[in-house]
Amino acid sequence: MSEAGTRVPPRRSGLTRRQKRAVSRGVQYAVFVAALVALGLTADWDQLRNQFAQVDLAERMFPDIITLALKNTVLYTMSGFVFGLALGVVVALMRLSSVGPYRWLAGIYIEIFRGLPALLIFIFVGVAVPLAFPGTEIPGGTYGKVALALGLVAAAYMAETIRAGIQAVPKGQMEAARSLGFSHARAMVSIIIPQAFRIVIPPLTNELVLLFKDSSLVLFLGVTLEERELSKFGRDLASETANSTPILVAGLCYLLVTIPLGFVVRRLEAKAGEATK
C-alpha cells in the first residue's frame with residue numbers, strides 16, 4: 001500500500017477524564033471560596049456582633065443555662081425517649097401480630113402520629129387531655145406531660161424501625177428457638193427482640209437526637225422558671241435584654257449534645273455495616 005493510502009490514527013487532543021474531573025473540582029472550590037468571600041465582604045459584622053455576640057450577656061447565662069436549662073432538656077428528652085421506646089415496642093409487635101384488629105390499630109396510630117406535627121401533639125396533651133378528663137393530672141407534672149407528648153410522637157417512628165429490625169432477624173432464629181421448646185412469646189422476648197435491637201440501635205440513636213431538639217416545644221405546655229429548657233431559657237433572657245446573644249448561646253448548648261450524638265450514630269452505623277460484610 002502506498003504511503004498516501006495509509007491511515008494516520010487520530011491524535012488525541014484535550015484533557016483526560018481524570019484531568020477533567022480535577023478541573024471541575026477546582027472550579028467548584030473556586031466558586032465556593034468566591035461565594036464565601038463575597039458573603040464576608042457584604043455582611044455587616046458590627047451589627048451581627050452587637051446582636052449575637054455580647055460576651056457580658058453570655059456570661060450572665062452561666063451556670064444556670066447548664067445546671068437548669070440543659071439539665072431539664074436532657075431530662076425531658078430521656079423521659080420521652082424511654083416512654084416512646086416502650087410504646088414503640090408494643091406497637092411494633094401489634095403490627096406484626098396475626099390478629100387483624102391489632103394490626104389495624106397499630107397502623108392507624110402510626111399513620112396519625114407520624115403525620116401530625118409534634119407541636120399539635122404538645123397542644124393536645126396540654127389542652128385537650130385536661131378538657132377531656134376534668135380533674136385528672138398526668139403523673140410527674142410537666143415532666144410527665146413532656147414524656148407523654150414526646151413519647152407519642154417518637155413511638156410512631158420507633159415502632160416502624162423496631163418492626164423492620166425484627167423482620168431483619170433470620171427466620172431460622174425463631175424456628176431454632178421453637179425447636180428447643182421456647183414458646184413464641186418467650187422466643188420473641190429472649191432471642192428475636194435482642195437481636196433486632198442490635199440492628200436498630202443507629203436509627204434509634206438518631207431518633208434521640210431528633211427528640212432532643214423537639215423538647216423545645218415544652219414551652220407550649222406552660223412551664224415555671226425552674227422547669228425551663230434551653231429554648232425557653234434563651235428566649236426569656238433575649239426578651240429581657242432585647243438582644244439575641246442568649247438564643248445563640250442556647251443553640252450552642254444544643255450542639256454540645258447533638259454533635260457528639262451524631263458522631264455516635266455514624267460510628268454505630270459503620271460498625272453495623274462492618275458486621276454485615
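Worth saying up front: this structure is predicted, and the values here are computed from it rather than measured.
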Could you give me the CA-CA distance, side-chain angles and deciding distance for Lys145 and Glu227, then say whether salt bridge (charged side-chain N to carboxylate O under 4.0 Å, His left out) is met?
CA-CA 12 Å; Lys145 293 178 182 179; Glu227 294 171 339; over 6 Å; no
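- Taking CZ of Phe52 as the start and CD1 of Ile247 as the end, the distance is 7.5 Å to the nearest 0.5 Å.
- Taking each heavy atom of Pro130 and Val125 in turn, the nearest pair found is CD-O, 3.5 Å.
- Closest non-hydrogen pair, Ala106 versus Met94, comes out as CB-CB, 3.8 Å.
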Please determine whether salt bridge (charged side-chain N to carboxylate O under 4.0 Å, His left out) holds for the pair Lys232 and Asp236, giving the CA-CA distance in whole Å, both sets of side-chain angles, and the decisive distance to 0.1 Å.
CA-CA 6 Å; Lys232 176 67 173 171; Asp236 286 350; 3.4 Å; yes
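- The shortest heavy-atom contact between Ala58 and Val249 is CB-CG2, 3.9 Å.
- Each of Val89, Leu93, Thr161 was scored for a side-chain contact (heavy atoms from CB on, under 4.5 Å) with Ile166, with one residue passing: Leu93.
- Within the 4.5 Å cutoff, no side-chain heavy atoms of Phe83 are placed close to those of Leu150.
- Glu111 is not listed as a side-chain neighbour of Ile108, based on a closest heavy-atom distance of 4.5 Å or more.
- For the pair Leu85/Ile162, a side-chain contact is recorded, criterion being any heavy-atom separation below 4.5 Å from C-beta on.
- The cluster map of Ile, Leu, Val, Met, Phe, Trp and Tyr, joined by side-chain heavy atoms under 4.5 Å apart, puts Val31 and Leu41 in different clusters.
- Between the side chain of Arg228 and the backbone N or O of Leu225 there is at least one donor-acceptor pair closer than 3.5 Å.
- With rounding to the nearest 0.5 angstrom, the CG atom of Leu180 is 9.5 Å from the CZ atom of Arg186.
- Proximity of a side-chain donor or acceptor of Tyr76 to a complementary backbone N or O of Asp214 within less than 3.5 Å is not detected.
- Put simply, the side chain of Ser24 never gets that close to the backbone of Lys20: no donor and acceptor are under 3.5 Å apart.
- Residues Leu96 and Gln167 share a closest heavy-atom pair of CD2-NE2, 3.4 Å.
- Tyr254 and Phe212 have perpendicular rings, their planes meeting at more than 60° on a 0 to 90° scale where under 30° would count as parallel.
- You'll find the side chain of Tyr109 reaches within 4.5 Å of the side chain of Leu152, heavy atoms only.
- The shortest distance between side-chain heavy atoms of Arg21 and Arg18 falls below 4.5 Å.
- For Gln173, the CD atom is densely surrounded, since the number of other residues' heavy atoms within 6.0 Å is greater than 12.
- Here Glu160 pairs with Arg163 in a salt bridge; the nearest charged N to carboxylate O distance falls below 4.0 Å.
- Taking the side chain as every heavy atom from C-beta outward, Leu256 and Leu252 never approach each other to under 4.5 Å.
- Remark: Lys71 NZ to Leu68 CG distance equals 6.0 Å, nearest 0.5 Å.
- Between Val169 and Ala196 the shortest heavy-atom distance is CG2-N, 3.8 Å.
- Using a 4.5 Å cut-off on side-chain heavy atoms (C-beta onward), Leu217 and Ile121 make no contact.
- In the hydrophobic clustering of this structure, Ile192 groups with Leu204; members are Ile, Leu, Val, Met, Phe, Trp, Tyr whose side-chain heavy atoms approach within less than 4.5 Å, directly or through other members.
- Separating the OG1 atom in Thr73 from the CG atom in Leu230 is a distance of 3.5 Å, to the nearest 0.5 Å.
- Between the Gln54 side chain and the Asp56 main chain, no donor and acceptor come within less than 3.5 Å of each other.
- Counting heavy atoms from C-beta on, the side chains of Gln51 and Thr245 never come closer than 4.5 Å.
- From Glu207, atom CD reaches atom CG of Leu211 across 5.0 Å, with rounding to the nearest 0.5 Å.
- A single hydrophobic cluster is not seen to contain both Met158 and Ile110; linkage of ILVMFWY side chains at heavy-atom distances under 4.5 Å, directly or through other members, places them apart.
- Linking ILVMFWY residues whenever their side-chain heavy atoms come closer than 4.5 Å, directly or via other members, leaves Val218 and Phe124 in distinct clusters.
- No donor-acceptor pair closer than 3.5 Å links the side chain of Ser190 to the backbone N or O of Ala187.
- Summarising the local packing, OH of Tyr143 is surrounded by more than 12 heavy atoms from other residues, nucleotides or ligands at distances under 6.0 Å.
- Note that CG of Leu255 and CG of Leu261 are 11.5 Å apart. Values are rounded to the nearest 0.5 Å.
- Follow the hydrophobic side-chain contacts under 4.5 Å out from Ile112 and you reach Leu120 in the same cluster.
- Nearest heavy-atom pair across Pro246 and Asn243 is CD-O, 3.4 Å.
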